[in-house]
2 protein chains.
Amino acid sequence: MRERSTASSALLTDRYELTMLQATLRDGTAHRSCVFELFARRLSGGRRYGVIAGVGRLLDALETFRFGEAELAWLREAKVVDEDTITWLANYRFSGSIWGYPEGEIYFPYSPVLIVEGTFAECVILETVFLSILNHDSAIASAAARMVSAAGDRPCIEMGSRRTHEQSAISAARAAYVSGFAATSNLEAGRTYGIPTTGTSAHSFTLLHDTERDAFKAQVRALGNGTTLLVDTYDIPEGVALAVDVAGPELGGVRLDSGDLVSLAKSVRKQLDELGATSTRITVTSDLDEHAIAALASAPVDGYGVGTALVTGSGVPTSSFVYKLVARVGNDGEMVSVAKASKDKTSVGGRKYALRRQTKAGVAKTEVIGIGGEPEGPGRLLLVELVRGGKRIHHESLEAARERLKLALDELPPAAKQLSRGEPVIDTAFEDLS
Amino acid sequence: MRERSTASSALLTDRYELTMLQATLRDGTAHRSCVFELFARRLSGGRRYGVIAGVGRLLDALETFRFGEAELAWLREAKVVDEDTITWLANYRFSGSIWGYPEGEIYFPYSPVLIVEGTFAECVILETVFLSILNHDSAIASAAARMVSAAGDRPCIEMGSRRTHEQSAISAARAAYVSGFAATSNLEAGRTYGIPTTGTSAHSFTLLHDTERDAFKAQVRALGNGTTLLVDTYDIPEGVALAVDVAGPELGGVRLDSGDLVSLAKSVRKQLDELGATSTRITVTSDLDEHAIAALASAPVDGYGVGTALVTGSGVPTSSFVYKLVARVGNDGEMVSVAKASKDKTSVGGRKYALRRQTKAGVAKTEVIGIGGEPEGPGRLLLVELVRGGKRIHHESLEAARERLKLALDELPPAAKQLSRGEPVIDTAFEDLS
């Protein structure tokens with residue numbers, strides 16, 4: 001395995017982008033002004049809305065999109081492109097502008113989630129890395145938002161790292177946090193993004209000890225009686241009794257990781273209350289998704305640990321974002337809208353603007369996509385300026401993104417919260433304003 | 001965002017592993033000899049077999065699993081664990097042994113895919129990173145193997161980077177290559193793992209130009225007439241005629257990315273032949289999975305480009321591997337088998353060995369899991385030594401893993417190739433040999 005300069009994001013790129021670059025550098029079209037648009041034709045999985053996440057990571061990746069000596073040497077050695085192209089790449093700095101939906105914003109089919117303007121050359125080579133980041137992070141955030149919504153006031157904890165690629169795990173924790181998850185089990189996500197980390201203990205910890213009592217005593221001694229004890233390694237009622245016996249009625253919490261969680265939560269709550277542990281919290285885990293969380297609404301549960309379903313997007317592991325050329329300068333120096341003609345993969349040409357039109361009561365009604373001009377209110381304009389003249393001008397905390405999503409969700413019609421498969425909760429409409 | 005030392009894999013870890021470590025360091029059980037096992041209780045998605053990938057990456061991650069100054073400082077600052085634990089982590093080097101199924105090997109329910117032996121402390125903290133890597137990479141490899149099998153002699157090209165996390169993309173290309181994919185679009189996978197890279201061009205390239213002819217001319221001039229032209233931006237028959245007109249009958253290939261691919265491939269083949277371009281290859285893309293590939297078997301297609309379905313595991317985005325304590329030393333110094341008692345998450349205690357038992361004709365018949373001893377032939381023993389006394393002793397090329405998978409597949413009963421949902425193609429049987 002060759003050492004990889006992780007400081008550069010430049011080779012997170014499909015080969016055809018660089019060979020197209022070479023062809024256009026030769027015939028001069030590389031320098032034509034272009035508008036690329038990133039959007040989804042549909043919300044996969046019958047979702048009612050999608051949530052944007054990954055914008056901050058995308059802007060980070062843009063800043064490290066540099067072809068250094070190591071990258072150029074490999075491109076030469078692997079004969080990916082010719083010397084003229086390598087020279088051009090060596091000096092590459094994106095000098096265009098980017099507008100987009102900010103992190104935590106909601107999107108619908110054909111929302112112009114990202115508008116990238118610059119020469120063909122400087123825009124086309126960003127396709128793969130931009131799509132990778134937004135397709136992944138938004139898929140996780142969209143699933144996470146449904147879980148948070150189903151959980152109501154109870155906290156959701158992200159604990160899916162072990163079920164996904166070790167680097168996706170960090171980004172998944174980040175996306176879940178944007179969508180309102182309270183914490184993550186992933187330490188690197190804690191370090192990198194400042195997300196609160198939390199955890200309980202594993203069955204291996206109990207099995208390591210000669211008795212369950214030894215295990216509970218060790219955990220309480222090390223972590224205090226505010227800790228959460230895992231009570232289902234052997235017999236749950238015995239585990240609960242033992243937990244309270246060891247930690248006292250001030251025991252912080254118990255975790256249930258198997259069985260029929262609704263009935264178990266009820267009996268465990270009853271038992272805890274009878275033992276005087278009335279403030280001991282019950283956390284449930286074990287293959288939860290938004291539907292299982294909704295089914296637990298009536299059970300006396302205090303928190304949900306979500307793993308597999310979160311990191312795999314709960315049935316929709318990737319968003320359907322594509323990155324398409326929608327306008328470019330022609331021979332005559334005029335900007336023209338362009339779009340592919342094939343029937344099953346439509347796109348709409350032209351530079352887009354977006355407004356979430358609202359009723360008088362402030363309820364979102366229509367996602368209005370203006371072609372060539374800004375649609376007018378009542379409502380909210382959705383695009384924010386991210387990069388101007390190659391310079392990143394958008395920096396935002398994850399807290400701000402969390403807050404944005406809360407407000408954007410409050411604005412949607414109540415049907416947005418339905419977990420069943422269906423149509424987007426508001427329609428998309430195009431307005432030709434060119 | 002805080003800078004992250006990507007040289008260390010140590011924080012790709014769930015918080016509870018370190019708090020369990022703290023608790024066991026205090027009561028001394030941290031130093032008990034243990035056996036952990038990584039296995040799957042089932043093959044998700046009704047698959048007939050699973051494919052192991054990621055072993056090389058797992059061993060790389062073990063080598064960089066070091067708590068450096070930056071990691072320790074953060075653990076202290078975030079108050080994850082106490083000073084004694086931090087001191088222990090500062091000196092952490094895995095000193096145990098690891099046996100496992102090598103990369104490209106096939107696995108079934110309860111196959112002991114990885115056996116990790118050492119003290120509780122040194123084994124438990126590897127749980128998350130080991131699971132992340134094998135759960136992700138094996139899910140991709142398992143899906144990829146079905147696609148390669150459905151494609152027969154025709155090459156499959158991995159082009160799904162844009163549909164998954166930018167770092168998963170690199171690992172997905174690697175896993176697909178293990179399972180017999182011919183190439184990837186991902187340049188970083190080319191650089192990091194030496195996987196052949198390839199590509200065609202995008203619709204944006206055609207749309208950038210004033211005419212489709214200009215676009216084809218530019219591509220052929222830059223890349224030669226062995227290149228692959230994308231012919232479905234406007235009208236396919238016109239695109240094909242133009243492609244051959246521009247490149248000559250020696251044109252390398254055309255790509256179809258939309259429409260009914262079976263009928264389109266037939267008409268395009270006919271048209272190419274009539275134009276004398278009898279050796280021009282037809283590559284199809286557009287939401288292919290193993291079922292679509294199988295449906296194209298009778299069509300005159302020369303290669304498949306696979307994106308979304310590959311990187312999302314074609315409906316199974318994660319394997320179901322878990323990492324469980326199966327044996328440990330007790331108070332009396334004796335090694336004892338341990339297993340969780342709960343009904344729905346069974347595991348089997350004891351150190352395991354594995355043999356793929358064969359018929360006289362050499363056809364795989366049973367996955368035999370020996371508990372406490374090595375099962376005997378006829379057949380193949382499956383575990384290889386990966387790490388001895390903390391030292392990695394297993395290094396293998398991806399080519400060797402590809403070769404192993406071919407042989408392992410040839411050994412299975414023909415029903416293994418069925419794409420429909422069903423049972424594992426051979427049964428798993430336990431033999432108590434302790």
Side-chain angles (χ1 to χ4, degrees), chain A residues 2 4 6 11-16 19-20 22-23 26-27 29 74 120 128-129 131-132 135-136 161-169 171 185 187-188 191-192 197 199-201 203-205 207-208 210 218-219 222-223 232-234 258 312 317-318 325 328 330-331 338 340-342 344-345, chain B residues 2 4 6 11-16 19-20 22-23 26-27 29 74 120 128-129 131-132 135-136 161-163 165-169 171 185 187-188 191-192 197 199-201 203-205 207-210 218-219 222-223 232-234 258 312 317-318 325 328 330-331 338 340-342 344-345:
Chain A
R2 184 187 283 251
R4 170 149 85 74
T6 45
L11 293 186
L12 302 172
T13 297
D14 284 333
R15 180 178 172 121
Y16 82 163
T19 53
M20 287 190 283
Q22 175 175 324
R26 285 216 192 169
D27 78 353
T29 52
W74 180 76
F120 179 80
T128 302
V129 71
L131 283 172
S132 291
N135 268 325
H136 175 267
S161 296
R162 62 192 56 197
R163 300 298 192 173
T164 189
H165 188 276
E166 70 277 14
Q167 297 294 328
S168 316
S171 306
S185 62
L187 291 173
E188 193 62 77
R191 169 163 69 158
T192 305
T197 61
T200 62
S201 63
H203 295 114
S204 65
F205 177 81
L207 294 170
L208 170 70
D210 295 308
Q219 186 173 333
L223 305 173
D232 70 346
T233 305
Y234 303 110
S258 50
T312 59
T318 184
L325 180 69
R328 51 103 179 133
N331 243 343
V338 295
K340 181 170 176 290
S342 81
D344 56 342
K345 289 189 175 177
Chain B
R2 185 188 282 253
R4 171 149 85 75
T6 44
L11 293 187
L12 302 172
T13 297
D14 285 333
R15 181 178 172 121
Y16 81 164
T19 53
M20 287 191 282
Q22 175 176 322
R26 286 218 190 165
D27 79 352
T29 52
W74 181 77
F120 179 78
T128 302
V129 71
L131 282 172
S132 291
N135 268 326
H136 174 268
S161 295
R162 62 191 55 197
R163 299 299 191 172
H165 187 278
E166 71 277 14
Q167 297 294 328
S168 314
S171 306
S185 62
L187 291 174
E188 193 63 78
R191 169 165 69 159
T192 306
T197 61
T200 63
S201 63
H203 295 114
S204 65
F205 178 81
L207 294 170
L208 170 71
H209 289 85
D210 294 308
Q219 185 172 334
L223 306 172
D232 69 347
T233 305
Y234 302 109
S258 50
T312 60
T318 184
L325 180 68
R328 50 101 180 136
N331 243 345
V338 295
K340 180 170 177 292
S342 81
D344 57 339
K345 290 188 175 176

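Note that the structure is predicted; figures quoted are calculated from it, not measured. No hydrogens, no waters, no symmetry mates; every other heavy atom, side chains included, goes into these values. Below, chain A is the first sequence line, B the second, and so on; all start at residue 1.
Applying the side-chain hydrogen bond (donor to acceptor under 3.5 Å, both in side chains) test to B:Ser204 and every residue at least two apart in sequence or in another chain returns nothing. A search for salt bridge (charged side-chain N to carboxylate O under 4.0 Å, His left out) contacts involving B:Arg328 returns A:Asp210, not counting sequence neighbours.
The minimum heavy-atom distance linking B:Phe205 with A:Met20 is given by the pair CB-SD, 3.3 Å. Considering every non-hydrogen atom in both B:Pro317 and A:Pro317, the closest pair reads CB-CB, 4.4 Å. B:Trp74 and A:Leu187 get closest at one heavy-atom pair: CH2-O, 3.5 Å. Between B:Ala23 and A:Ala218, the shortest heavy-atom distance links the atoms CB-O, 3.7 Å.
A distance of 8.5 Å separates CG in A:Leu12 from OG in B:Ser161, rounded to the nearest 0.5 Å. Separation of atoms CG (A:Asn135) and CZ (B:Arg163) is listed at 5.5 Å; rounding is to 0.5 Å. For the atom pair CG (B:Leu325) and CG (A:Leu207), the distance works out to 5.5 Å, reported to the nearest 0.5 Å. Atoms OG1 and CD, from B:Thr128 and A:Glu166 in turn, are 11.5 Å apart once rounded to the nearest 0.5 Å. If you take OG1 on A:Thr200 and OH on B:Tyr16, they are separated by 7.0 Å, rounding to the nearest 0.5 Å.
When each of B:Asp14, B:Thr29, B:Val129 is checked for heavy-atom pairs under 4.5 Å with chain A, B:Asp14 comes out on top. Of the residues considered (B:Leu11, B:Thr318, B:Val338), B:Leu11 shows the highest number of contacts with chain A, using heavy-atom pairs under 4.5 Å. Most heavy-atom pairs under 4.5 Å with chain B: of the set A:Thr197, A:Leu208, A:Thr312, this distinction falls to A:Leu208. The most heavy-atom pairs under 4.5 Å with chain A, out of B:Gly199, B:Ser171, B:Gly330, B:Ala222, come from B:Ala222.
Side-chain N/O atoms of A:Arg15 and B:Ser185 include no donor and acceptor closer than 3.5 Å. Side-chain contact, B:His209 with A:Asp27: a donor N or O sits under 3.5 Å from an acceptor N or O. There is no side-chain donor-acceptor pair under 3.5 Å between B:Ser132 and A:Arg162. No side-chain donor from either of A:Thr164 and B:His136 sits under 3.5 Å from a side-chain acceptor of the other.
The backbone N or O of B:Leu223 lies less than 3.5 Å from no partner atom in the side chain of A:Gln22, so there is not a single donor-acceptor pair. When atom types are taken as modelled, the side chain of A:Ser168 and the backbone of B:His165 share no donor-acceptor pair closer than 3.5 angstrom.
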